[in-house]
Amino acid sequence: MKTIIKIFKPWFAVDSRSLGIFRIFLGILCFTDIARRWSYIDIFYTDSSIVAATSSSSFYKMFNLLSTFTKSWEVHLFFLIGIIFSIFLIIGYKSKLSHFISAVIIISIHNRAIILENAGDMFFNSILIWTLFLPLGISFSIDSLKKNLSLFKENNIDDLNNR
């Protein structure tokens, strides 16, 4: 039985450092996707835009959050929240929550103007949903630093050398 476990263990194990690096690149991709659309907010994402808010034919029907905002400042605020949580995802602060909010915002942006979407956006939406189930905040993050600092309490100088 132990040999079977030894054989299959490398197939189902993932190095946490690679998940940390993936989280950083995913956050950069989220930030870039939102930031590159910033200058086109009034053209494509408000109520007075050239693209009407359609009933989307997307697979992600429940992510129509951006369609509820009509004014330019509301959409700008929505995009700004997405940028803030993308930065939180990059640095690993509240990784799971940051990932979830970034995913909801980005998919809502993609669903607002379906005509602008391409296969890369669809793939990015799928990656955002599937990676919600991974422990992305386990390495290279503020979450892991806080966890390690809480595990090893130093009360005096001698405790610093006592590992």
Side-chain angles (χ1 to χ4, degrees), residues 8-46 49 51 53-70 72-152:
F8 288 109
K9 187 175 180 179
W11 290 4
F12 298 107
V14 177
D15 187 8
S16 66
R17 294 172 295 184
S18 63
L19 289 175
I21 293 170
F22 176 78
R23 186 202 75 250
I24 292 168
F25 283 119
L26 184 69
I28 290 170
L29 195 60
C30 291
F31 178 81
T32 306
D33 188 46
I34 296 171
R36 74 182 174 92
R37 297 171 192 262
W38 185 272
S39 59
Y40 301 111
I41 288 176
D42 292 325
I43 299 171
F44 293 119
Y45 299 105
T46 60
S49 67
V51 178
T54 61
S55 58
S56 82
S57 61
S58 174
F59 291 111
Y60 303 101
K61 293 234 186 249
M62 55 197 219
F63 294 103
N64 289 335
L65 194 57
L66 188 56
S67 296
T68 60
F69 300 120
T70 58
S72 178
W73 69 269
E74 293 173 337
V75 179
H76 277 86
L77 182 65
F78 188 75
F79 274 59
L80 184 64
I81 291 169
I83 287 174
I84 289 169
F85 278 98
S86 296
I87 293 170
F88 285 168
L89 185 62
I90 292 169
I91 62 174
Y93 179 72
K94 304 278 186 190
S95 299
K96 194 61 78 174
L97 177 68
S98 300
H99 187 180
F100 177 74
I101 292 176
S102 295
V104 167
I105 287 175
I106 288 173
I107 295 171
S108 296
I109 290 170
H110 291 169
N111 280 344
R112 172 60 176 85
I114 295 289
I115 197 165
L116 302 175
E117 217 177 273
N118 60 24
D121 292 334
M122 207 51 196
F123 179 72
F124 187 41
N125 293 345
S126 299
I127 291 293
L128 284 170
I129 295 298
W130 279 104
T131 55
L132 277 171
F133 303 105
L134 296 176
L136 297 180
I138 208 165
S139 289
F140 305 130
S141 66
I142 292 176
D143 294 341
S144 67
L145 179 67
K146 284 172 47 177
K147 181 181 174 189
N148 286 337
L149 289 176
S150 69
L151 287 176
F152 301 108

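All values derive from a computational prediction rather than experimental measurement.
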Show your working on side chain to side chain contact (heavy atoms under 4.5 Å, CB included) between I105 and F79 and close with a plain yes or no.
CA-CA 8 Å; I105 287 175; F79 274 59; over 6 Å; no
Which atoms form the tightest heavy-atom contact between [X] and [Y], and what is the distance?
X    : Y    : result
T46  : S72  : CG2-CA, 3.7 Å
S141 : G137 : OG-O, 2.8 Å
S98  : Y93  : OG-O, 2.8 Å

State which residues pass ring pair (Phe, Tyr, Trp, His ring centres under 6.0 Å) with W11; sequence neighbours excluded, sorted by chain then number.
F8
Before giving the answer on ring-ring contact (aromatic ring centres under 6.0 Å, His included), spell out for Y45 and F78 the whole-Å C-alpha distance, their side-chain angles and the decisive distance to 0.1 Å.
CA-CA 11 Å; Y45 299 105; F78 188 75; 9.6 Å; no
Heavy-atom side-chain contact between K147 and I138 under 4.5 Å:
no
Of all residues at least two apart in sequence or in a different chain, which pass the side-chain contact (heavy atoms from CB on, under 4.5 Å) check with S18?
V14, D15
Please report, to 0.1 Å, the donor-acceptor pairs under 3.5 Å made by any side chain of residues 19-31, with sequence neighbours excluded.
{"unit_1": "R23", "atom_1": "NE", "unit_2": "L89", "atom_2": "O", "d": "2.8"}
{"unit_1": "R23", "atom_1": "NH1", "unit_2": "L136", "atom_2": "O", "d": "3.1"}
{"unit_1": "R23", "atom_1": "NH1", "unit_2": "S139", "atom_2": "O", "d": "3.0"}
{"unit_1": "R23", "atom_1": "NH2", "unit_2": "I90", "atom_2": "O", "d": "3.2"}
{"unit_1": "R23", "atom_1": "NH2", "unit_2": "F140", "atom_2": "O", "d": "2.7"}

Is the ring pair Y40/F44 parallel, tilted or perpendicular, if the boundaries are 30 and 60 degrees?
tilted
Under the salt bridge (charged side-chain N to carboxylate O under 4.0 Å, His left out) rule, collect the residues that match up with D143, sequence neighbours excluded.
none
Pairs meeting criterion salt bridge (Lys or Arg N to Asp or Glu O under 4.0 Å) with involvement of residues 82-101, two or more places apart:
none
Quick one: side-chain hydrogen bond (donor to acceptor under 3.5 Å, both in side chains) partners of D33, sequence neighbours excluded?
R36, R37, H110
Report yes or no: do S95 and H99 form a side-chain donor-acceptor pair below 3.5 Å?
no
